[in-house]
Visitor: 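Before I ask anything, let me first share the structure, which is written out below as structure tokens.
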Amino acid sequence: MAELDAINFNINSRLALMKIRSKSLIVLLLSTLISTSIILSLSAVYATTAPVDVIRAFDLKQYHPENYGLKDLVFEARIKGLDKVLSDSKYLGKVHKVYFKVYWVFPGRSKIEIHGLASGFKKLRTELKTIIASRLWMVIPQKLMGQFRSFQLDQKVNSNGIVITGEDPTNLKQVNKIRLQFDNDNRLLEYKSFSPFGIQTTYLQMSDKSWSHNKLVTEKVKVVNQIGARQNVSETKLEYVVQGRVGLPQKLKITNWNEMDESRIKGAKEFNKKSRKSGATFELLFSKFEINTKKALQIVKETGSKK
């Protein structure tokens, strides 16, 4: 009798397990069908949408202070701890209160001055100005559409949204290929550029603010420069302040570290963890904003500087 009960128990257990597996299989099939259906639906939608329309849709969603009256901007920029770094060098002597004066005029002309540094040191001045110039787009976001007018654009749908690929038909540009990943709400998630020097990938984290008129503002930027199996990573967190009618960054917290390709180099994962924890961090502070005073226009006109 006990043996019969055991046999019945085993049979019932197997039947129950089969039912569970059948239900799991049905759920999996349904999920796959739904996902496939969504992708096919999105493909049908984007098939009738040109790549330029997707890019323009993002430009409309992003916060651009010039759309809210900003035409002329002057501000000061300081790299926290820069005085000490420069003073520790043997050839500069004691350095005190080095800062940058930035002039920007709509639609995109600019000039950067360095104050507090002795005359000369041309190479050092160029390197310091590059730190500010390379991040000016975080203060005044550029519109994407203007950057890709001469590229041949194509688009495809993937699980994250839509991918737009652009290629330089002449193959003469330094950046000869770009790839943009947008989500289903036309928000830019990833910007990848290809050149003979390597691949640069920029990841964006954006949201709207109480002052941004329901437009997207950049909160965090991660830039990965890859050459072979090695990567240089820079992560920037932005804090904003409202000046008059516009919102502008007042602090950039920047962390830099190096990584190795985990799929190609043994022990890279552990190296990357340690490298990120010990990464070099510095802060870029913006202050003394002057809006629409025409001071920037006067300075830029005098120098003829164009950016």
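Computed from a predicted model, the values in this text were never measured in an experiment.
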Visitor: Under a 4.5 Å cut-off applied to non-hydrogen side-chain atoms, are I79 and F282 in contact?
Guide: yes
Visitor: Any chance the rings of W104 and F75 have centres within less than 6.0 Å?
Guide: no
Visitor: Grab the two heavy atoms, one from Q155 and one from A50, that are nearest each other, plus how far apart they are.
Guide: OE1-C, 3.8 Å
Visitor: State, without any angle test, whether T165 and D154 hold a side-chain donor-acceptor pair at a distance under 3.5 Å.
Guide: no
Visitor: Please evaluate residues V246 and I291 with respect to the criterion side-chain contact (heavy atoms from CB on, under 4.5 Å), reporting the C-alpha separation (whole Å), side-chain torsions for both, the decisive distance (0.1 Å), and the verdict.
Guide: CA-CA 9 Å; V246 298; I291 295 174; 3.8 Å; yes
Visitor: Establish whether M206 and L189 are linked, either directly or via other cluster members, by ILVMFWY side-chain heavy-atom contacts under 4.5 Å.
Guide: no
Visitor: Would you find a donor on one side and an acceptor on the other, under 3.5 Å apart, between the side chain of S212 and the backbone of K209?
Guide: yes
Visitor: Are the side chain of D59 and the backbone of K143 linked by a donor-acceptor contact shorter than 3.5 Å?
Guide: no
Visitor: Checking D72 side chain against L297 main chain: does a donor-acceptor pair fall under 3.5 Å?
Guide: yes
Visitor: Is any side-chain heavy atom of R230 less than 4.5 Å from a side-chain heavy atom of I227?
Guide: no
Visitor: To the nearest 0.5 Å, what is the distance between CZ (R245) and CG (N292)?
Guide: 9.5 Å
Visitor: Regarding S150 and K173, do their side chains bring together a donor and an acceptor under 3.5 Å, going by distance alone?
Guide: yes
Visitor: Once you round to the nearest 0.5 Å, how far does CD of E66 lie from CD1 of I140?
Guide: 6.5 Å
Visitor: Should the pair R78 and Y99 be classed as cation-pi, given the thresholds of under 6.0 Å to the six-membered ring centre and 45° from the axis?
Guide: yes
Visitor: Compare all side-chain heavy atoms of I55 with those of F182 and state whether any distance is below 4.5 angstrom.
Guide: yes
Visitor: Does K111 make a cation-pi contact with Y103 (under 6.0 Å, within 45 degrees of the axis)?
Guide: no
Visitor: Would you say the side-chain atoms of Y240 pair up with the backbone N or O of K251, donor to acceptor, closer than 3.5 Å?
Guide: no
Visitor: For residues Y63 and W211, establish whether the separation of their ring centroids is below 6.0 Å.
Guide: yes
Visitor: Using atom types as modelled and distance alone, determine if a side-chain donor or acceptor of T218 lies under 3.5 Å from a backbone N or O of K220.
Guide: no
Visitor: Among the clusters formed by ILVMFWY side chains lying less than 4.5 Å apart, do I199 and L188 turn up in the same one?
Guide: no
Visitor: Do other residues, nucleotides or ligands put more than 12 heavy atoms under 6.0 Å from H115 NE2?
Guide: yes
Visitor: With the 4.5 Å side-chain cut-off for hydrophobic clustering, are I164 and M145 part of the same group?
Guide: yes
Visitor: Looking at F106, I'd like to know if the NZ or CZ of K71 sits under 6.0 Å from its six-membered ring centre while staying within 45 degrees of the ring's axis.
Guide: yes
Visitor: Can you find a side-chain donor-acceptor pair between E219 and S207 that sits under 3.5 Å?
Guide: yes
Visitor: Do Q226 and Q231 have a side chain donor and acceptor closer than 3.5 Å?
Guide: yes
Visitor: Quick one: does any side-chain atom of D261 pair with a main-chain N or O of I265 as donor and acceptor, under 3.5 Å?
Guide: no
Visitor: Answer with yes or no whether the hydrophobic clustering places F121 together with I131; edges join I, L, V, M, F, W, Y residues whose side-chain heavy atoms lie under 4.5 Å apart.
Guide: yes
Visitor: Indicate whether any N or O donor in one side chain lies under 3.5 Å from an N or O acceptor in the other, for N232 and N258.
Guide: yes
Visitor: Under the side-chain contact (heavy atoms from CB on, under 4.5 Å) rule, what do T201 and E190 come out as? Steps first, then yes or no, please.
Guide: CA-CA 7 Å; T201 308; E190 180 182 316; 3.7 Å; yes
Visitor: Is it true that a side-chain atom of S134 and a backbone atom of T130 form a donor plus acceptor pair closer than 3.5 Å?
Guide: yes
Visitor: Are the aromatic ring centres of H213 and Y68 under 6.0 angstrom apart?
Guide: yes
Visitor: Could you check whether any side-chain heavy atom of R135 comes within less than 4.5 Å of a side-chain heavy atom of L252, counting everything from C-beta outward?
Guide: yes
Visitor: Which pair of non-hydrogen atoms, one from K177 and one from F151, has the smallest distance, and what is that distance?
Guide: N-CE2, 4.3 Å
Visitor: Work out which heavy atom in V139 is nearest to a heavy atom in P65; give both atom names and the distance.
Guide: O-CG, 4.2 Å
Visitor: Pair V163, L180 - check side-chain contact (heavy atoms from CB on, under 4.5 Å), show working.
Guide: CA-CA 6 Å; V163 177; L180 309 174; over 6 Å; no
Visitor: Evaluate the ring planes of F148 and Y191, with Trp represented by its six-membered ring, and classify them as parallel (under 30°), tilted (30 to 60°) or perpendicular (over 60°).
Guide: tilted
Visitor: In a check of side chain to side chain contact (heavy atoms under 4.5 Å, CB included) between E127 and each of R125, K123, K129, which one passes?
Guide: K123
Visitor: Would you compute the distance between atom CD of Q200 and atom CD1 of I178 and round it to the nearest 0.5 angstrom?
Guide: 13.0 Å
Visitor: Just wondering, more than 12 heavy atoms not from K253 lying within 6.0 Å of its NZ?
Guide: no
Visitor: Could you grab the distance from atom CG of D183 to atom CD1 of I162, nearest 0.5 Å is fine?
Guide: 11.0 Å
Visitor: Take T236 and T255, measure what side-chain contact (heavy atoms from CB on, under 4.5 Å) needs, and give me the verdict at the end.
Guide: CA-CA 7 Å; T236 303; T255 305; over 6 Å; no
Visitor: Does any non-hydrogen side-chain atom of K295 lie less than 4.5 Å from one of E290?
Guide: yes
Visitor: State, with a plain yes or no, whether a side-chain heavy atom of L73 is found less than 4.5 Å away from one of L248.
Guide: yes
Visitor: Can you name the nearest heavy-atom pair linking V175 to S195, along with the distance?
Guide: CA-CB, 4.3 Å
Visitor: If you compare all heavy atoms of V224 against all heavy atoms of Y203, which two are closest, and at what distance to 0.1 Å?
Guide: CG2-CE1, 4.0 Å
Visitor: With hydrophobic residues grouped by side-chain heavy-atom distances under 4.5 Å, do L60 and L204 end up in a single group?
Guide: no
Visitor: Answer yes or no: is there an ion pair linking E113 with K101, defined by an N-O contact shorter than 4.0 Å?
Guide: no
Visitor: Looking at every heavy atom in both H96 and D83, which two are closest together, and how far apart are they?
Guide: C-OD2, 3.7 Å
Visitor: Just by distance, no angles: are the side chains of E167 and N176 close enough, under 3.5 Å, to form a donor-acceptor pair?
Guide: no
Visitor: Can you tell if the side chain of N158 reaches within under 4.5 Å of the side chain of Q181, non-hydrogen atoms only?
Guide: yes
Visitor: Donor-acceptor pair, distance only, cut-off 3.5 Å: does the side chain of S87 make one with the backbone of V95?
Guide: yes
Visitor: Which value, rounded to the nearest 0.5 Å, describes the distance between L82 atom CG and I114 atom CD1?
Guide: 8.5 Å
Visitor: Nearest 0.5 angstrom please: I112 CD1 to F100 CZ, how far?
Guide: 8.0 Å
Visitor: With the side chain counted from C-beta on, respond yes when Q62 and R187 share a heavy-atom pair under 4.5 Å apart, and no when they do not.
Guide: no
